[in-house]
Amino acid sequence: MSRSAPALRPYLPDDAPLLAAIFAASIMDLTGDDYSEAQQEAWAMAAADEAAFGKKLAGQLTLIATLQGAPVGFASLKGADLIDMLYVHPSAVGQGVGSALCDALEKIASARGAKNLKVDASDTALEFFRKRGYVAQQRNSVTINDEWLANTTMQKQLDGVATPGGHA
């Protein structure tokens, strides 16, 4: 039996509780090699207030990835040039969900006129973004719920859309 490709759809307000659960599961199940349990818990608490989490998602361009109709990941583009969030449920890792979301945000950012796309990548996500052509710019320390976490600002130059004359 072949695996189906992820489908994408826009964020809807009723998605907030499920996306908060995906957010927390992704952090708690996938980042243990890079962050302490206290850091993971502090990070996951960012979605504890589902109404505020949903408001943040609604205020950005947020896409939901589904497999067989069930949401398994999401990503948000803040402004034209910043991937603010990209989270995949642990059960969907390795099924093209993160790549589908990132591909879509890169295309949207380019269509919005962005020349570069940035992301503050967790230590766990560094290799994913590096393989996609993102280059590390700087290391950051951020405080979330009284815990210090490190991430890396990464940037990718976008190719732009080719015109009939062959120029971007």
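Not measured: the values here are computed from a predicted model.
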Residue Lys118 excluded, over 12 heavy atoms near NZ under 6.0 Å: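 Open.
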
More than 12 heavy atoms from other groups under 6.0 Å of CE on Met28: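 Atom CE in Met28 is crowded, with more than 12 foreign heavy atoms closer than 6.0 Å.
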
Only counting residues at least two apart or in another chain, list the ones meeting side-chain contact (heavy atoms from CB on, under 4.5 Å) with [X].
| X | result |
| --- | --- |
| Ala16 | Tyr11 |
| Thr124 | Thr31, Asp34, Tyr35, Ser122 |
| Gln157 | Asn116 |

Tyr134 and its side-chain contact (heavy atoms from CB on, under 4.5 Å) partner, picked from Ile83, Leu126, Thr152: Ile83

Between the main-chain N or O of [Y] and the side-chain N or O of [X], is there a donor-acceptor pair closer than 3.5 Å?
| X | Y | value |
| --- | --- | --- |
| Ser36 | Gln39 | yes |
| Glu127 | Asp123 | no |
| Glu106 | Asp103 | no |
| Gln40 | Ile27 | yes |

Ring geometry between Phe74 and Phe53 (parallel below 30°, tilted from 30 to 60°, perpendicular above 60°):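 Answer is perpendicular, since the angle exceeds 60°.
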
What are the two closest heavy atoms between [X] and [Y], and how far apart are they?
| X | Y | answer |
| --- | --- | --- |
| Ala80 | Ala114 | O-CB, 3.4 Å |
| Ile64 | Pro71 | CG2-CB, 3.7 Å |
| Pro10 | Leu63 | CA-CD2, 4.5 Å |
| Leu117 | Ala109 | CD1-CB, 3.8 Å |
| Ala42 | Asn145 | O-ND2, 2.7 Å |

Taking a hydrophobic cluster as the set of Ile, Leu, Val, Met, Phe, Trp and Tyr residues connected by side-chain heavy atoms closer than 4.5 Å, whether directly or through intermediates, do [X] and [Y] fall within one such cluster?
| X | Y | result |
| --- | --- | --- |
| Leu77 | Val119 | yes |
| Leu86 | Leu82 | no |
| Leu30 | Val88 | yes |
| Phe129 | Leu105 | yes |
| Met85 | Leu149 | yes |

Approximate separation, where rounding is to 0.5 Å, of [X] [atom1] and [Y] [atom2]:
| X | Y | atom1 | atom2 | result |
| --- | --- | --- | --- | --- |
| Leu67 | Ser91 | CG | OG | 8.0 Å |
| Glu37 | Glu147 | CD | CD | 11.0 Å |
| Gln137 | Gln155 | CD | CD | 4.5 Å |
| Asn140 | Asp120 | CG | CG | 5.5 Å |
| Lys131 | Cys102 | NZ | SG | 13.5 Å |
| Thr62 | Leu101 | OG1 | CG | 10.5 Å |

Candidate pair His89 and Ser26, rule side-chain contact (heavy atoms from CB on, under 4.5 Å), full reasoning: CA-CA 5 Å; His89 192 277; Ser26 176; over 6 Å; no

Whichever hydrophobic residues join Val135 through chains of side-chain contacts under 4.5 Å: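 Other cluster members: none.
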
Lys115 bridged to Asp159 by N-O distance under 4.0 Å: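 Judged by the 4.0 Å cut-off on N to carboxylate O distance, Lys115 and Asp159 do not form a salt bridge.
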
Sequence neighbours excluded - side-chain hydrogen bond (donor to acceptor under 3.5 Å, both in side chains) pairs with any residue from residues 41-55: Trp43-Tyr87

Asp81 vs Arg112, salt bridge (charged side-chain N to carboxylate O under 4.0 Å, His left out): CA-CA, chis, key distance, verdict: CA-CA 9 Å; Asp81 63 356; Arg112 288 181 166 188; over 6 Å; no

From CA spacing to verdict: side chain to side chain donor-acceptor pair (under 3.5 Å), Asp84, Ser76: CA-CA 5 Å; Asp84 186 47; Ser76 293; 5.7 Å; no

Partners passing ring-ring contact (aromatic ring centres under 6.0 Å, His included) against Phe128 (at least two apart in sequence or in another chain): none

